[in-house]
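Keep in mind that what you see is a predicted model, and the values were worked out from it rather than measured. Order of listing sets the numbers, starting from 1, for every ligand and every atom in it. All heavy atoms count here, side chains included; hydrogens, waters and symmetry mates do not.
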Amino acid sequence: MTTIIIGAGMAGLACARRLADAGEAVIVLDKGRGLGGRLATRRGDAGVFDHGAQYVTARAPAFQTFLDQARTSGAAGLWPRRDDDEAWWVGEPGMSGLVAPLAEGLDIRRSHRVSALRKFEAGWLIDVDQPTSGQISADRVVLAIPAPQARTLLAGHADFAAPLDAVVYAPCWTLMLTVSETLGVAPDVHRSSDGPCAWLARNTSKPGRPSGQEAWVMQAGPRWSEIHLEEDAAAVTERLCDAFRDWAGVPVTILHAAVHRWRYARVMEALGEPFLWDKDQDLGLAGDWCLGPRVEAAFLSGHRLAGSMLGHQTP
Ligand SMILES: Cc1cc2nc3c(=O)[nH]c(=O)nc-3n(C[C@H](O)[C@H](O)[C@H](O)COP(=O)(O)OP(=O)(O)OC[C@H]3O[C@@H](n4cnc5c(N)ncnc54)[C@H](O)[C@@H]3O)c2cc1C
């Protein structure tokens with residue numbers, strides 16, 4: 001029995017790992033070139049930036065066990081904090097590195113965008129339109145992608161329409177920048193409720209990042225990002241750089257600045273169940289949108305869906 005998992009983010013890979021460890025045949029498809037989805041790291045001449053999830057915390061034993069193992073294999077480390085009781089974990093050498101232990105040895109096909117799904121008597125047909133168009137068949141399908149994108153792919157499947165429609169996401173504009181000076185007095189992390197500068201972190205203060213030019217990641221809050229969602233990247237870059245300068249409070253020379261728009265960044269209204277699984281259709285859904293806006297929620301969703309598919313009583 002072959003399972004196709006669409007999405008190589010934390011949810012999809014947690015599901016794939018557990019199925020594969022139980023001896024199941026699994027193929028993972030992702031439209032991106034890298035792995036990790038919103039656990040994302042951009043590398044270039046200007047530096048290394050975690051432009052998606054910033055750090056993760058663990059409250060459930062299964063996720064803590066995963067992080068402990070990831071630390072042993074060099075894929076995770078602790079970001080020392082003084083202002084928070086919870087341990088802040090980060091992927092190494094970047095946030096996307098956190099999924100490396102889950103992905104090891106799996107059949108993962110990158111740059112494979114799924115454009116349609118069709119159920120037929122003996123299973124599923126999956127249309128892929130990248131890198132070249134083609135079809136893949138499978139006995140079971142798992143969608144581990146944001147709810148609105150799952151809704152589009154499952155347009156013909158009325159059963160999941162209502163739960164998927166109930167999920168609400170907020171967008172996020174993210175600025176990645178390097179500065180010539182070390183902002184010595186500034187804290188490594190700044191947080192506020194919204195505005196252009198809702199989160200600001202000195203990326204170079206995380207363990208395992210290259211030293212050198214100081215790299216910062218700034219994230220606008222949900223309301224600010226919504227208001228400026230369709231503005232062009234150049235205008236948003238300018239606004240966010242101005243906000244960074246205001247925050248710094250001292251003259252700074254910005255050497256490099258780039259923005260990334262996350263349309264589905266943060267889950268504002270979650271489903272409230274760990275996953276969806278239709279045994280008759282051999283169709284499963286997982287993602288952070290099931291439980292909440294955190295990497296841990298994505299892991300638990302994928303992990304528990306796999307447990308249910310394997311017939312475990314407590315997934
Ligand atoms: C800016 C930002 C900051 C965040 N900060 C934090 C934080 O500090 N701590 C925290 O815990 N969480 C944070 N989060 C949330 C966290 O990143 C997510 O909850 C988690 O990574 C979601 O994982 P996922 O597997 O559910 O989805 P995703 O990571 O979105 O993975 C889905 C994957 O599916 C692929 N895909 C989508 N459609 C298709 C298709 N048609 N065909 C093939 N592949 C497809 C995508 O390429 C992607 O790789 C942040 C998110 C953002 C955007």
As a test of reading the model: which N/O atoms of the protein lie under 3.5 Å from N/O atoms of ligand 1, and at what distance?
| residue | atom | partner | partner atom | Å |
| --- | --- | --- | --- | --- |
| ligand 1 | 8 (O) | Q54 | N | 3.1 |
| ligand 1 | 8 (O) | Y55 | N | 3.4 |
| ligand 1 | 8 (O) | Y55 | O | 3.3 |
| ligand 1 | 9 (N) | Y55 | O | 2.7 |
| ligand 1 | 11 (O) | V295 | N | 2.8 |
| ligand 1 | 19 (O) | D288 | OD2 | 2.7 |
| ligand 1 | 19 (O) | R294 | O | 3.4 |
| ligand 1 | 25 (O) | M10 | N | 3.1 |
| ligand 1 | 25 (O) | A11 | N | 2.9 |
| ligand 1 | 26 (O) | D288 | N | 3.0 |
| ligand 1 | 27 (O) | R38 | NH2 | 3.1 |
| ligand 1 | 29 (O) | R38 | N | 2.8 |
| ligand 1 | 30 (O) | R38 | NE | 2.8 |
| ligand 1 | 30 (O) | R38 | NH2 | 3.1 |
| ligand 1 | 41 (N) | V114 | O | 3.0 |
| ligand 1 | 42 (N) | V114 | N | 3.0 |
| ligand 1 | 44 (N) | K31 | N | 3.0 |
| ligand 1 | 47 (O) | D30 | OD1 | 2.8 |
| ligand 1 | 49 (O) | D30 | OD1 | 3.3 |
| ligand 1 | 49 (O) | D30 | OD2 | 2.6 |

With sequence neighbours left out, the residues meeting side chain to side chain contact (heavy atoms under 4.5 Å, CB included) with A87 are L78, W89
Please set out all donor-acceptor pairs under 3.5 angstrom arising from side-chain atoms of residues 160-179, sequence neighbours excluded.
| residue | atom | partner | partner atom | Å |
| --- | --- | --- | --- | --- |
| D165 | OD1 | R151 | NE | 2.7 |
| D165 | OD2 | R151 | NE | 3.3 |
| D165 | OD2 | R151 | NH2 | 3.3 |
| Y169 | OH | A147 | N | 3.4 |
| Y169 | OH | D288 | OD1 | 3.3 |
| W173 | NE1 | H228 | O | 3.0 |
| T178 | OG1 | H256 | N | 3.4 |

Does atom CZ of R43 have more than 12 heavy-atom neighbours from other groups under 6.0 Å away?
-> yes
Quick note, side chain to side chain donor-acceptor pair (under 3.5 Å) partners involving residues 269-281, not counting sequence neighbours, are none
Ring geometry between F244 and W247 (parallel below 30°, tilted from 30 to 60°, perpendicular above 60°) = tilted
Could you give the distance from CZ (R263) to OG (S225), rounded to the nearest 0.5 Å?
-> 11.5 Å
